[in-house]
Amino acid sequence: MSPVITYALLFLAGAAAAIVGYLVGMASLVSYPAMLALGVPPVVANASNTVSLIPGGIGSLITSWDRLRQIRYYPLLPQVLIAVVGGLVGGALLLVAPPGVFEAVVPWLVLLATVLVALSPRLRRGATGYRLPAPAFLALMAAIMVYSGYFGAGAGVLFFALCTLGTPMNTHAAVVMKTPMLTLSNFAAAVLFIVQGQVDWGAAIAVGLGSFAGGYVAPLIQQLIPERAIHAAVVVGGLVLTVWLLLGF
């Protein structure tokens, strides 16, 4: 396959990944396998994928900034710090821990989050306005951010479940809120990967350009999709991701 076709496919994968990542929280389900299929080694593909999806988060932030500023359930600064530190810890784990350290638990963690998301309308019924205490919310968020920096597939589903079950956020607000936090986590991890020379820059730039384009239009697409449809898409995507992780792709 010629380099032009390879990079064009990676660009399209990046655009699709950013849209799927913003709406459903599973960008890596699209972009990571695309890199593997086009010959990028697994660890380098994981690191390159983390770097390449940052522009998607930036593109989404540009479009959704006004809506993001209206979500005020917890102080923003502690969340930003946790996202950055969690991403650094997760990135460090990827570089120093034995391969597959999370393989046994991650699929079941994603499945649990998916089931909780599926049941969230019933679980929240009669609990209008319920909100986790700040320390509990931030502790759970920290665990998700570490995982996001380490691998990240399904981190959006986990954070979506935390927001919809632990706070009064509706589906649309949870979608908007997870984007900046996961972007910060990915950015922190990406710094480590770049310093360690673990990035395939050709693949990362191609996917990154597509990611920015997809991330820019994703919030506009979200406004056209009913809340129930996004909720259902998260559940279906979570089940698909669980199977994908269990099969070891």
Side-chain angles (χ1 to χ4, degrees), residues 1-62 87-88 90-103 106 110 145 147-157 178-180 182-218 237 240-241 244-245 247-249:
M1 186 181 299
S2 73
V4 173
I5 295 176
T6 297
Y7 291 134
L9 290 174
L10 288 171
F11 176 89
L12 293 175
I19 294 171
V20 170
Y22 185 85
L23 296 177
V24 185
M26 278 162 283
S28 294
L29 188 60
V30 178
S31 52
Y32 178 69
M35 287 191 179
L36 292 179
L38 293 170
V40 182
V43 173
V44 175
N46 191 12
S48 303
N49 184 58
T50 299
V51 173
S52 68
L53 293 178
I54 293 172
I58 295 172
S60 298
L61 279 172
I62 291 173
L88 287 171
L93 279 175
L94 178 67
L95 295 175
V96 304
V101 67
F102 285 163
E103 282 181 3
V106 165
V110 174
M145 294 301 121
Y147 170 63
S148 175
Y150 176 82
F151 181 54
V157 179
K178 69 179 175 56
T179 300
L182 294 178
T183 298
L184 286 170
S185 175
N186 284 342
F187 179 80
V191 171
L192 287 180
F193 301 152
I194 292 169
V195 170
Q196 293 294 320
Q198 295 291 323
V199 178
D200 181 325
W201 282 107
I205 291 172
V207 174
L209 291 173
S211 175
F212 180 83
Y216 188 83
V217 301
V240 171
L241 179 59
W244 182 70
L245 289 169
L247 293 176
F249 292 112

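Every heavy atom of this structure was used, including side-chain atoms; hydrogens, water molecules and symmetry mates were not. Fair warning: this is a prediction, and the values are worked out from it, not measured in the lab.
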- Search all heavy atoms of Met35 against all heavy atoms of Ala45 and return the closest pair with its distance. SD-O, 3.6 Å
- Item | Gap separating the CG atom of Leu94 from the CZ atom of Phe193, nearest 0.5 angstrom | 4.5 Å
- Task: Work out which heavy atom in Ala190 is nearest to a heavy atom in Val51; give both atom names and the distance.
- Result: CB-CG2, 3.6 Å
- Message: For the CG atom of Leu184 and the CD1 atom of Ile54, what is their distance to the nearest 0.5 Å?
- Response: 9.5 Å
- For Ser185, which residues count as a side-chain hydrogen bond (donor to acceptor under 3.5 Å, both in side chains) partner, sequence neighbours excluded? Ser148
- Query: Between the side chains of Asp200 and Ser48, is a donor N or O closer than 3.5 angstrom to an acceptor N or O?
  - Reply: no
- Looking at CG of Asn49 and CG of Leu36, how far apart are the two atoms once the value is rounded to the nearest 0.5 Å? 9.0 Å
- Value rounded to 0.5 Å, distance of CG in Leu95 from OH in Tyr150: 10.0 Å
- Message: Measuring from atom OH of Tyr7 to atom CG of Leu209, what distance do you get when rounded to the nearest 0.5 angstrom?
- Response: 12.0 Å
- Can you name the closest pair of heavy atoms from Leu88 and Leu192 and give their distance? O-CD1, 3.3 Å
- Task: Give a yes or no answer on whether the side chain of Lys178 reaches the backbone of Ala155 with a donor-acceptor pair at less than 3.5 Å.
- Result: no
- Task: Return yes when atom CZ of Phe212 has more than 12 non-hydrogen atoms of other residues, nucleotides or ligands closer than 6.0 Å, and no otherwise.
- Result: yes
- Query: Would a 4.5 Å heavy-atom cut-off, applied to side chains only, mark Ser31 and Leu53 as touching?
  - Reply: yes
- Is there a side-chain contact between Trp201 and Ile194 (heavy atoms, below 4.5 Å)? yes
- Message: Can you confirm whether Val44 sits close enough to Val199 that some side-chain heavy atom of one is under 4.5 Å from a side-chain heavy atom of the other?
- Response: no
- Query: With Ser211, which residues qualify under side-chain hydrogen bond (donor to acceptor under 3.5 Å, both in side chains), at least two apart?
  - Reply: none
- Query: Ala218 and Ala18: which non-hydrogen atoms are nearest, and at how many Å?
  - Reply: CB-O, 4.4 Å
- Would you mind reporting whether Val207 and Phe11 have side-chain heavy atoms less than 4.5 Å apart? no
